[in-house]
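Read the structure below first, then the notes.
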Amino acid sequence: MSLTVQWWTMITMLLSGIGMGVVFDGYRVVSDELRISRLWIPIFDLLYWIAATLVVFQVLSASNEGEVRAYVFIGLLLGIGCYYWLFSKITMQLVHVLIRTVRAVIKFMIRAFDLLIIRPLLLLYRIGKLLFAFLRAFAIFLFKIVVQLVRPFWLLAAWMTKPIWKPLLRSWKRWVNPLITKWRIPERVTALRTGLNKLWQRWKNRKQEKKDD
């Protein structure tokens, strides 16, 4: 292996160590901000080290075809040490700022969505509700006026057609009402409705018993 390849491998391992430190500090800050349960921390730590090992191995394979030498570990340790000596506090502060910025952007988007969409829709709904109530009241008012205007003509028409509908009304009272009384239609309708209600209650009770079981 040439000296150039060795130096290149040393530099890549140094950068890999710095990257591992950046990711680890970012992971710690995010886990603290999200208040992840302590029970999950060992699992996430294990996942981090597995991912870091795979990434370092891929970088090592690309730099010197995966050949492991002592300077590989020296480069990693130097990278991690330099990072925690020079950049750890800055990285953690930047991650905190980034998290606060993301939260502020999300709050702003929610607030803008509420102001620009939700509240106008609620305002339109209330206006439509008031408009509908006004139109309904106005329609009832017009209907009453029309009824009052038509009532004299209706009474006149009823008086003029009285020779026609009066005998029909008498026939109805004479023939239909006795049949209704004889066949007990109201009683049968009431009994049918009662029976249907009982069937419905039985079906509901059985359904509730199956749920309880």
Side-chain angles (χ1 to χ4, degrees), residues 15-56 58-59 80 83-154 189-190 192-194 196-213:
L15 295 175
S16 297
I18 295 173
M20 288 173 62
V22 171
V23 174
F24 186 74
D25 277 345
Y27 150 68
R28 286 195 305 166
V29 172
V30 172
S31 62
D32 290 339
E33 289 289 335
L34 297 179
R35 298 179 182 178
I36 297 175
S37 176
R38 295 297 178 184
L39 297 175
W40 291 96
I41 296 299
I43 298 175
F44 289 137
D45 288 342
L46 179 62
L47 293 175
Y48 164 78
W49 286 111
I50 292 174
T53 302
L54 294 175
V55 171
V56 170
Q58 291 294 326
V59 173
I80 294 172
Y83 167 76
Y84 280 105
W85 183 40
L86 298 174
F87 306 112
S88 179
K89 292 183 179 179
I90 298 174
T91 301
M92 295 180 71
Q93 290 176 358
L94 289 176
V95 174
H96 279 293
V97 171
L98 180 62
I99 291 174
R100 286 195 293 268
T101 303
V102 171
R103 286 178 174 174
V105 170
I106 293 174
K107 288 181 180 179
F108 173 76
M109 293 176 64
I110 294 173
R111 183 67 175 173
F113 182 78
D114 180 63
L115 291 175
L116 299 176
I117 297 178
I118 301 298
R119 293 193 179 183
L121 288 177
L122 290 175
L123 181 61
L124 289 175
Y125 169 74
R126 290 171 183 172
I127 293 174
K129 191 175 180 181
L130 291 174
L131 183 61
F132 176 76
F134 172 75
L135 292 176
R136 183 179 63 179
F138 185 69
I140 294 173
F141 174 72
L142 289 180
F143 178 74
K144 290 181 178 179
I145 292 177
V146 172
V147 169
Q148 292 297 326
L149 293 174
V150 174
R151 189 169 181 273
F153 299 99
W154 170 258
V189 171
T190 304
L192 178 61
R193 185 171 60 184
T194 304
L196 291 175
N197 288 331
K198 289 182 179 179
L199 290 175
W200 173 253
Q201 290 296 329
R202 288 179 184 175
W203 182 80
K204 288 178 64 177
N205 293 333
R206 290 180 181 177
K207 190 174 180 181
Q208 187 64 35
E209 289 176 358
K210 289 181 179 179
K211 287 184 179 180
D212 296 337
D213 293 339

Going from [atom1] on [X] to [atom2] on [Y], what distance comes out if it is rounded to the nearest 0.5 angstrom?
| X | Y | atom1 | atom2 | result |
| --- | --- | --- | --- | --- |
| Ile50 | Leu46 | CD1 | CG | 4.0 Å |
| Lys107 | Ile110 | NZ | CD1 | 9.0 Å |
| Leu121 | Leu116 | CG | CG | 11.0 Å |
| Arg202 | Lys198 | CZ | NZ | 7.5 Å |
| Arg111 | Ile118 | CZ | CD1 | 12.5 Å |
| Leu122 | Ile117 | CG | CD1 | 12.0 Å |

key: Where Tyr83 and Asp25 come nearest, the two heavy atoms and their spacing   =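 Shortest heavy-atom separation between Tyr83 and Asp25 comes out as OH-OD2, 2.6 Å.
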
request  = Determine the minimum heavy-atom distance between Asp114 and Pro120, stating which atoms define it.
outcome  = O-CD, 4.2 Å

task = Evaluate whether atom CZ of Phe87 has more than 12 neighbouring non-hydrogen atoms of other residues, nucleotides or ligands under 6.0 angstrom away.
result =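 Result for CZ/Phe87: open.
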
In a table with atom names and distances, give each donor-acceptor pair under 3.5 Å that connects a side chain of residues 129-152 to protein atoms at least two apart or in another chain.
none

ask   = So Phe24 and Trp49, would you call those rings parallel, tilted or perpendicular, with 30° and 60° as cut-offs?
value = tilted

